[in-house]
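Ligands are counted one by one from 1 in listed order, and the atoms in each one are counted from 1 as well. These numbers come from a predicted model, not from an experiment.
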Amino acid sequence: MKTMKSFFFPKCPVKIVLLPGLLFITASLAAQPVTIPIVTDNHAIVLQTDKSNLLHTVYFGKPLADPGEYEVVSAGNNFNDDNSGIYDAAYTPSGTWNLSEPAMQVTHADGNQSLELKYLRHDILHIDSNSSLTTIILKDPLYAFQVSLCYKVWKKENVIEQWAEVQHAEKGSVILRKYASANLYFTNKDFYLTTYNSGWAREMQPGETKLLPGLRSVDSKLGTRAMLLQSSNFILSFGKPAAENEGAVMIGQLAWPGNFKLDFEIDSYRNLRVIAGVNPYESAYTLPANQVFKTPSLIYALSNSGTGEASRGLHNWARKYRVLDGEGERLTLLNNWEATYFNFDENKLKGLFKGARELGVDMFLLDDGWFGNKHPRNGDTAGLGDWQENVKKLPSGIGYLVSEAKKEGLKFGIWLEPEMVNPKSELYEKHLDWVIRQPLRPEKYFRNQLVLDLANPEVQNFVFGIVDNLFTKNPQLAFIKWDCNAVIYNAYSPYLQKKGLPQSHLNVEYVKGLYNVLQRIRARYPMVPMMLCSGGGGRGDYELLKYFTEFWPSDDTDPIERIYQQWDYSYFFPAIVTDNHVTDWGRQPLKFRIDVASMGKLGFDIVTSNLSATDRAFAQSAVQNYHTFKDIVWHGDQYRLVNPHESDISALMFVSKDKKRAIMFNYLVNSRYKITATVTPVVLKGLDPDKHYTVKEINLYPGSTSAVSDTRVYSGDFLMKIGYNPNVTLQRTSVVLQADAVE
Ligand code: DGJ
């Protein structure tokens, strides 16, 4: 059995109980410091109790060579925290002597609002050679109320997932007013925070700022589609602005598709406190005795060598441990949304099938507009909620389309937006009690629709039934695009009202209801690929990605915009989970658009019969090429080489795990007359310095010759020190290079 070594607690009179795989430590009453290091390959968080048994974060940084020294890391600290309480608390309570921003605020069963949390014991569960779970139990000395702080670590990937579990045995319910997932403390000085401002078709716009004394919050109050305006993704850089290849950084996300809040506070010592969790805004939660409330997770990757390494760790973790079928395959596709919008019938779709077959993609994806009869879905004002095929558009039904697609050698996928309803629908007419709306106020719509009350188990059954019925009738359906286009206005749950539960539970119960539906879907249909879409990228979320294979980053498919968006999403997500479609947005040629969409999971949303013969021939060969290198993009390591935010060009590459193959994407991102970025070569990364590589340009447009064709063989050492010039010019705005190791 692998356990923590006893030298972590040499002077601590603790009781140690050994169970298989589990080390369980209990503090004695005469408290000596208990030191709890939580360690990955390149990082350590060290928590330690003081003489009153309060638990502090005493270290956050590189691991020590001698773990025995963790217990003395706090010896040189001289904090005097009488001014506003405990800045460095591992989980900051409120209502007692602590006056800092709390992680937790409660009202006890007797109405008292004070909370003190003292270390009781901790357990370490060794899950396997790479991962472990440390659970630390803190308890109020006065009330039967406790919080378990949970830290799951993956050593090799340097990823930590942190959450809290709250329970009590008071005589009555306790109201949780704030219940953070994580409360971190950093003493590094000079903190730079990158956050992401968003909006429809302009998702993930980064902004980096040095944190100044005081509190900076990033939050969402949108209910669903929570990341529409701000994202719960962030990058923290310690000591200097975030850099790709050097410096200590943390890349994080609060994995929660509902209202979230991230607080970054520089305290009076100029240290940084971070408190992240469900947004306490209108979300007080009444917890009955002896039930466990589990918060969402804060997930973060750490590196001492910049954002590139942190991203690769996060990508490896996501593919191996988090995303559904993260290490599997994906389906290339043709989607009909921009090709037809709501205006289609069977024949038009069958015409598109032919185009999909000619392109060489795996699947046809039928988008919005296929359903509704009393209120046909011929636009976005009606029909949402009525999930029966529209008999005028699709008289032979979905089953017929599935088999027609199969004749063309294509799989068939379908669009759903199952959490929503148009007021002009039979669902609304029959089930007003299933709709989130204030009963006595005028309805307010977002994209002409309202959100269903997923707190209600009957609504959960309905939503599960939509998917289940589709698969029961059409077992060969191969894919679902799960859309979510509205935020929650007039938050009010008829179900919570009926049950006499507080309306402030809606934020949490909605999301729990959604998870419940997804768990049921996955229990019955474990592997069917599903795309998470939210009117663009409002839901790129690591909790939902347990159930989804991929997500749609933005409706903005202008390839220039996409270069930036895909770049910014790439800090957080591996390319295999980002769906990129070639559309008619933007003014770039087809080659440019296909090359950009190839930096993730490739799809198309065009009418191929509108393409010129040369464009069509190019598209076919580019799809064939994609099938030969997609494995590197999906499963390899990603290196961001030239940042489009800082240069005339963008360059990004993927390297196979065995370092035998690499694919490098280079684009011109402006049209200045002189392109200074390619005066010198672009330096490659991630290759084997001892291997030798050929470099060739692929995805050449018919009739063009490569400006970089050569037969020379380069060492990995050369390519990673001197580099290779893709010769991006105004005439060559998009260049894809492939490097292959020679034996
Ligand atoms: C929003 C999505 O982002 C689009 O791709 C499309 O599916 C529309 N909804 C359909 O209404």
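Residues Tyr571 and Thr194 form no side-chain contact, since every pair of their non-hydrogen atoms from C-beta on lies 4.5 Å or further apart.
Residue Asp367 approaches ligand 1 through these ligand atoms, each under 4.0 Å from one of its heavy atoms: 6 (C), 7 (O), 10 (C). For ligand 1, the atoms sitting less than 4.0 Å from at least one non-hydrogen atom of Asp368 are 10 (C), 11 (O), numbered in the order shown with element in parentheses. The atoms of ligand 1 that sit less than 4.0 Å from any heavy atom of Trp552 are 3 (O), 5 (O). Per-residue contacts place Gly535 under 4.0 angstrom from the following atoms of ligand 1 (heavy atoms of the residue considered): 1 (C), 3 (O). Within ligand 1, the atoms closer than 4.0 Å to a non-hydrogen atom of Lys481 are 4 (C), 5 (O), 6 (C), 7 (O), numbered from 1 in the order shown. Short contacts between ligand 1 and Cys533, defined as distances under 4.0 Å to a heavy atom of the residue, involve ligand atoms 2 (C), 3 (O).
At least one N/O-N/O distance between Asp555 and ligand 1 falls below 3.5 Å. Considering both main-chain and side-chain atoms, Phe342 never comes within under 3.5 Å of ligand 1 through any nitrogen or oxygen pair.
In terms of modelled atom types and a separation under 3.5 Å, the side chain of Ser534 and the main chain of Cys484 share a donor-acceptor contact.
Ring centroids of Tyr196 and Phe572 are separated by less than 6.0 Å, placing the two rings close together.
Of all the heavy atoms of Asn485, the ones lying under 4.0 Å from any atom of ligand 1 belong exclusively to the side chain.
Under a cut-off of 6.0 angstrom, the local environment of NZ in Lys261 is crowded, with over 12 non-hydrogen atoms contributed by other residues, nucleotides or ligands. Within 6.0 Å of NZ in Lys473 there are 12 or fewer heavy atoms belonging to other residues, nucleotides or ligands.
Residues Asp615 and Tyr701 have side chains that bring a donor and an acceptor to within less than 3.5 angstrom of each other.
Taking the ring axis of Phe412 as reference, the NZ or CZ atom of Lys406 does not stay both within 45° of it and closer than 6.0 Å to the ring centre.
Taking the six-membered ring where the residue is Trp, Trp370 and Trp387 present tilted rings, their angle falling between 30° and 60°.
Residue contacts with ligand 1: Arg447 is included, with a non-hydrogen atom under 4.0 Å away.
Of all the listed residues (Leu384, Asp483, Asp380), Asp483 holds the heavy atom that lies closest to atom 1 (C) of ligand 1.
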